[in-house]
Every structure is written in structure tokens, then in C-alpha cells.
Amino acid sequence: MSATATAILMQASSVEPLPEEAPADTVALAADAAAQAANAPVTGGELDLIQLVLHASIPVQLVMLLLLLASIASWVIIFRKKRMLDRAEKEADRFEERFWSGADLGKLYSAASERNRDVEGLEAIFEAGFREYTRSRQRRGADSRAQLEGAQRGMRVASSRELDGLEHNLEFLANVGSIAPYVGLLGTVWGIMIAFHGLANVKEATIASVAPGISEALIATAMGLFAAIPAVWAYNRFATKVERVAGRYDAFSEEFSSILERQSSAGEA
């Protein structure tokens, strides 16, 4: 055996073997590290909306305030409009029940025209039409056609006035539903511009340095959607209800006109 081979064998025999407990120690250390990581408190994962709003820039805060006011006004209108439309439908049901029960038209008119009593809905349309019809009959030389046209004109005016009251403030809900998302987007764009502009003075830009500013800006978009979604839903629902009530008013006006036409023809005969 050569001298070189003898030297290699001597070096190999001099290497100390790994301790048998090394794998066990490695596993124990890894388990301890995993337990400590699991028990460590999470400090930056929670989202505090109030702090995001308070730390936002002044333009973004103004946008948020505008959206908050629009949302509050929308909810006030939603509750009032729901109560008004429900009352109009119930009033229409009650009056139609009395009208088609065979009650005398003169008694219905006397009850509708009492002092210190506000009439609305179908009763107001009936009162206006019957009042014009009575006035036309009291005029000399007024034929049945003139009497009927006067009654129809009075009912159209009363119906238009009632529908204007039901449609009041629906335009505001439509505007909030269509404009609020864009207003929120404007605040978001402005906030992101400010966040990226602040990176000009930072040597090393990271996600951690720009994430808070972007989060503050995105709150404006969320508030815009929060204001717009209920407004759009309420507008569509209330507009449908107003159309349904308007159809009932038109149908009643046509039927009442037919009744008055028959009365006029019978009076001339």
C-alpha cells in the first residue's frame, strides 16, 4: 500500500461520528419554535376602521364625511317613503271598499269635504272629481259632456298632486345611488396619490410603507358603496310601488268617470 493511501485511511478513521441524539434534538427545537410562533400575539393583522379614517388625509376625510351625510339622508328618506307608500296603499284599500260597497256618492263627498280633515289618495281624487261635477251641474246650460270633462279635469289635477307627493325625494335616492360610488372612487384615487407621493422621500419602498395609505384610501370606496347600494335598492322598490299606486288612481278615475257619465245621461233623460 502506498503512502498516500495510508494517509487517507488514517484521516477517515480520525473523523468523529455524529451523535445519535442530534436528530432528536433538532426535532425538539423545531417543535419549540413552532409552539412559540403559534402562541405569539398578532400585532399587525387586525383592521381598525376608525383609525384608518382618522389617519386619512383631509381631502379623503371630507369625501368620507360627504358620503356619510348622504347615507344618513338616504336612510331617513327610505323610512319616511316606506311609511308614506304603505299608508297610501292602505288608504286606497279602505276607500275602495267603502266606494264599491254601494254607499251614496253624496254621503262620501260630504265625509271627504268635512272641515279640519285632510283627505289624500283616492279619497282626494274622488272629492275633486265630484266637486267639479257638482259645480258643472249647477251651471245653467252645461251639458253632460261639459260636466264629465270638468270632473275628469279635477281628478287629473288631484291625481297629479298625490303622485308628486309620493315621488318626492325619489330623485335624491337615484342621485345617491349613481353618484356615491364615483365620489368614493375620487377619495380613493386621491388617497393613493398621496400614499405614493410619500414614497418619494423613502430610500427603500416596501409594501409595508405604502399599505396603510392605500388602506385608508380604499375606505372611501367602501363608504361610497355603502351609501349607494341601499339607495339604489330603495329607489327601484319605491318607484315600482308608485307606478302601482298610479295605476290604481288611473283605474279609479276611469271607473268613476263612467259612473258620472251614466248619472249625467240619466239626468238628461
Side-chain angles (χ1 to χ4, degrees), residues 73-101 103-139 142-179 231-265 267:
S74 298
W75 280 107
V76 171
I77 293 173
I78 287 172
F79 287 120
R80 289 182 177 178
K81 192 62 61 178
K82 182 181 184 305
R83 185 168 58 250
M84 181 184 298
L85 289 172
D86 291 343
R87 185 176 66 247
E89 290 181 344
K90 291 180 181 178
E91 187 278 333
D93 293 336
R94 288 194 299 265
F95 183 76
E96 282 187 336
E97 184 178 357
R98 285 184 294 159
F99 183 83
W100 297 112
S101 63
D104 183 69
L105 296 181
K107 293 181 179 179
L108 288 176
Y109 175 72
S110 300
S113 58
E114 290 179 356
R115 293 183 178 181
N116 300 326
R117 183 172 181 268
D118 296 330
V119 294
E120 57 184 3
L122 283 183
E123 191 173 10
I125 296 173
F126 164 78
E127 189 269 339
F130 198 79
R131 182 179 64 250
E132 293 298 326
Y133 176 76
T134 304
R135 289 177 180 176
S136 299
R137 293 193 66 178
Q138 292 175 353
R139 297 175 190 158
D143 56 0
S144 60
R145 183 179 181 83
Q147 296 172 9
L148 184 60
E149 288 179 353
Q152 291 176 344
R153 183 169 55 253
M155 287 189 290
R156 282 196 300 269
V157 172
S159 177
S160 177
R161 183 171 57 250
E162 294 297 320
L163 291 177
D164 286 341
L166 295 178
E167 293 175 349
H168 184 61
N169 287 329
L170 284 183
E171 182 181 359
F172 180 83
L173 294 179
N175 291 332
V176 170
S178 59
I179 297 175
V232 172
W233 173 83
Y235 173 79
N236 293 332
R237 180 175 177 82
F238 294 154
T240 302
K241 279 193 170 185
V242 170
E243 290 180 359
R244 191 158 53 238
V245 172
R248 294 185 66 175
Y249 289 173
D250 291 339
F252 175 80
S253 298
E254 293 293 331
E255 293 170 348
F256 187 46
S257 297
S258 300
I259 294 174
L260 295 179
E261 185 178 7
R262 288 195 297 268
Q263 284 192 358
S264 298
S265 301

L173 versus A234, closest heavy-atom pair with distance: CD1-CB, 4.1 Å
Atom pair OH (Y235) and NZ (K81), whose distance is rounded to the nearest 0.5 Å: 12.0 Å
F126 and F256 aromatic ring geometry - parallel, tilted or perpendicular at 30°/60° bounds: tilted
Contacts of F238 that satisfy ring-ring contact (aromatic ring centres under 6.0 Å, His included) - sequence neighbours left out: none
Between CZ on residue F99 and CD on residue E255, distance to nearest 0.5 Å: 8.0 Å
Where E127 and S113 come nearest, the two heavy atoms and their spacing: OE2-CB, 4.3 Å
Contacts of R153 that satisfy salt bridge (Lys or Arg N to Asp or Glu O under 4.0 Å) - sequence neighbours left out: none
Rounded distance (nearest 0.5 Å) linking atom CG of N175 with atom CG of L170: 11.0 Å
Separation of E132 CD from L260 CG (nearest 0.5 Å): 11.5 Å
Show me the side-chain donor-acceptor pairs of residues 85-92 shorter than 3.5 Å, one per line, residues at least two apart or across chains.
{"unit_1": "D86", "atom_1": "OD1", "unit_2": "K241", "atom_2": "NZ", "d": "3.2"}
{"unit_1": "D86", "atom_1": "OD2", "unit_2": "K82", "atom_2": "NZ", "d": "3.0"}
{"unit_1": "R87", "atom_1": "NE", "unit_2": "E120", "atom_2": "OE2", "d": "3.2"}
{"unit_1": "E91", "atom_1": "OE1", "unit_2": "L122", "atom_2": "N", "d": "3.3"}

Spacing of I78 atom CD1 and R237 atom CZ [to the nearest 0.5 Å]: 11.0 Å
Atom pair CG/CD of N169 and E171 - distance to nearest 0.5 Å: 9.5 Å
S253 to M155 - nearest heavy-atom pair and separation: O-CE, 3.7 Å
Any side-chain heavy-atom pair of R94 and E123 under 4.5 Å: no
Non-neighbouring partners of E254 that pass side-chain hydrogen bond (donor to acceptor under 3.5 Å, both in side chains), sequence neighbours left out: none
Which atom of A146 lies closest to which atom of S136, heavy atoms considered: O-OG, 4.1 Å
Exercise answer: donor-acceptor pairs, residues 156-168 side-chain atoms, under 3.5 Å, sequence neighbours excluded:
{"unit_1": "E162", "atom_1": "OE1", "unit_2": "G121", "atom_2": "N", "d": "3.0"}

Listed partners of E243 passing salt bridge (Lys or Arg N to Asp or Glu O under 4.0 Å), at least two apart: none
R131 CZ: over 12 foreign heavy atoms closer than 6.0 Å: yes
